[in-house]
Amino acid sequence: MSSPNQNSTHAPLFALVDVNNFYVSCERVFAPQLEKTPMVVLSNNDGCAVARSAEVKALGVKMGTPWFQMKDLAKQHGILACSSNYTLYHDMSQRVVEILRQFTPKLEVYSVDESFLQIESVLNAHESPTHLGAEIKQRIKQWTGLPVCVGIAPSKTLAKFANHLAKKNPSFNGVCDLSNMPKQELYQWMSEVSAAEVWGVGRKIAKRLEGMGIHTVLDLVQVSPQMMRLQFGVVIERLCYELRGLSCLALEEVAPPKQQIIASRSFGKLVLSLDELAESVATHTARAAEKLREQESLTSSISVFIQTNVFMRNEPQYSQSIQIPLVHPTDDTLVLTEMAIKGLKEIYKKGFRYKKAGVMLGLMTDKPVVQSSLFEDHQAKGKSLRLMKTLDSINTRYGAQALRVAATGTDQAWKMKSENVSPKYTSHWDQLPVVR
DNA sequence: TCTGGGGTCCTAGGACCC
DNA sequence: TCTGGGGTCCTAGGACCC
């Protein structure tokens, strides 16, 4: 009874662990009486449903449905809505990842509720991949209260597919291992799932595939990858190989630093005045700068954008953004706020009712590991002068609130970067033979 | 008059993801 | 009346250089 995966060949094997209905499940951990209650978690300002319980999904409610549109349905079926608590979700997410790391260090945190594990090297300790998956699932449930599904396969895309099967078919008991599945059975499953469900196939591509007569995952597996490259480009070609079990997407254990950081929000009510916009832009800038310092990089440009409510067809519409290059890359909240407000003034137009504002930091650079003392002195002098000027002008023009926001979080601004890790993206793809 | 061609960098836009 | 907030990669085309 030896299984092919007691392998000495070290062919990669991936497990995708995904928390079911993540936000809803988090809420239920702390309110177990809601276990069977149909419920949704709402976005900021309680605008849209950003998570749905199984019961609500079964009613056909789509991700992102505005709450006001489903109120009737909610009344009919007793759907409970709760506001989101992102701090809680973040915390729960970290607990799950900690537990997963006990199984293997080869782990990629893919999103707040999903991680890829590369498991071929730890299989010896387990009876089979399925047993490993079951243990992962059981331990997370026991230690955090969160339900997960596990999909196991020789490529990330197939592991996603396996996870999909595990979620939809109770017969898998939450763990689906494709690596040991007989081909006939695998093809049977593939013929039952729409190609549009595949990771990497979105609305547009799905439609074009339909037009080509490619309806199911099985159809997609059987079509020539080279032909798909001509039609759709390298991304879909890679996807086809992945579905055939040839791993083209590597595990990214170390998250590369973000290349852009966005902080934006819709307003609870429409906003007219420059002052109010400035206050919100200052808030967003402070948040973005915080994230920037967390990843220990500097930004060399900041963009500001404002827009009216795109859903109000009868209202005059205005949407504008401006990008401001920074001569000296920085992570300083004050400097960034000054530039952001300057930009806002450029694009602000009187007479519109604004719905949304935000900032984006772009073109990150690594902080220099060593700065010459001359440079530091120069910078420090210029900074303190500018700081006073900035505080002053923000205060007079936009009030105390904007001032307070701008002044927050400048403390760690010049923390030096001790280690400079920049992981290089590697892909098996580069090593693939050219197939004709 | 004849009017090259390859390389790189940057940006905008399209597609996708959770 | 009320409609989320983040991110990624790839490609094409223009500017510029030699």
Side-chain angles (χ1 to χ4, degrees), chain A residues 16-23 40-52 61-72 74 81 83-84 86 89-90 93 108-116 156-157 160 163-164 195-209 229-239 242 248-250 252 255-270 280 283-284 287-288 291-292 295 300-301 303 305 307-315 321 323 325 353 355-364 425 427 429:
Chain A
L16 176 67
V17 182
D18 184 323
V19 182
N20 308 340
N21 319 320
F22 183 54
Y23 295 168
V40 295
V41 173
L42 300 178
S43 63
N44 284 303
N45 299 323
D46 292 341
C48 302
V50 290
R52 305 148 292 156
V61 174
K62 298 269 186 289
M63 175 72 171
T65 303
W67 173 238
F68 76 90
Q69 271 178 21
M70 53 182 288
K71 269 195 174 153
D72 285 348
S83 302
S84 39
Y86 293 104
Y89 311 147
H90 182 72
S93 174
E108 171 185 341
V109 179
Y110 178 67
S111 76
V112 71
D113 70 329
E114 274 176 80
S115 291
F116 285 104
K156 283 173 149 186
T157 307
K160 275 282 218 181
N163 192 279
H164 175 87
E197 303 284 347
V198 172
W199 186 42
V201 176
R203 267 209 341 266
K204 296 285 173 71
I205 305 276
K207 205 166 176 191
R208 285 175 62 192
L209 289 175
R229 180 180 199 137
L230 293 179
Q231 289 286 322
F232 298 95
V234 65
V235 177
I236 302 297
E237 183 190 22
R238 217 150 39 196
L239 184 151
E242 284 255 321
C248 303
L249 302 171
E252 285 190 34
K258 302 230 184 302
Q259 297 181 29
Q260 66 180 35
I261 291 171
I262 297 175
S264 74
R265 286 281 180 280
S266 295
F267 301 119
K269 60 179 176 52
L270 298 171
S280 123
T283 306
H284 300 326
R287 265 199 306 136
K291 290 189 210 174
L292 185 64
Q295 72 166 27
S300 55
S301 82
S303 311
F305 61 89
Q307 50 180 262
T308 50
N309 190 341
V310 291
F311 295 100
M312 298 182 85
R313 292 279 167 70
N314 301 326
E315 287 257 329
S321 70
Q323 189 188 353
R353 312 204 296 159
K355 179 62 184 172
K356 191 171 177 178
V359 302
M360 186 182 106
L361 309 180
L363 297 172
M364 311 303 170
Y425 174 79
S427 162
W429 181 250

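Residue numbers start from 1 in every chain, and the chains themselves are labelled A, B, ... in the order their sequence lines are given, proteins ahead of strands.
Taking a heavy-atom distance under 4.0 Å as the criterion, the stretch of DNA chain B touched by chain A extends 5' to 3' from B/dA15 to B/dC18.
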Once Watson-Crick and G-U wobble pairs under 3.5 Å are found, how is DNA chain B written in dot-bracket notation, 5' to 3', with | for any base paired to another strand? ....||||||||||||||
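Between the side chain of A/Asn163 and the backbone N or O of A/Leu16, at least one donor-acceptor pair lies under 3.5 Å.
Partners of A/Thr308 by side-chain hydrogen bond (donor to acceptor under 3.5 Å, both in side chains), not counting sequence neighbours, listed by chain and number: A/Gln317. Residues satisfying the side-chain contact (heavy atoms from CB on, under 4.5 Å) test with A/Val201, not counting sequence neighbours, are A/Val198, A/Ile205, A/Ala206, A/Leu209, A/Leu220, A/Leu239. A/Lys269 meets the salt bridge (Lys or Arg N to Asp or Glu O under 4.0 Å) test with A/Glu276; sequence neighbours excluded. Judged as a ring-ring contact (aromatic ring centres under 6.0 Å, His included), and not counting sequence neighbours, the contacts of A/Tyr23 are A/Tyr86, A/Tyr89. Under the side-chain hydrogen bond (donor to acceptor under 3.5 Å, both in side chains) criterion, A/Ser321 pairs with no residue, sequence neighbours left out. Residues passing the side-chain hydrogen bond (donor to acceptor under 3.5 Å, both in side chains) test with A/Ser83 are A/Asp46, sequence neighbours excluded. Looking at residues two or more places apart in sequence or on another chain, you find no ring-ring contact (aromatic ring centres under 6.0 Å, His included) involving A/Phe68.
Distance noted for atom P between B/dT3 and C/dC18: 24 Å (whole Å).
Using a 4.0 Å heavy-atom distance criterion, A/Arg287 is classed as a sugar-phosphate-only contact.
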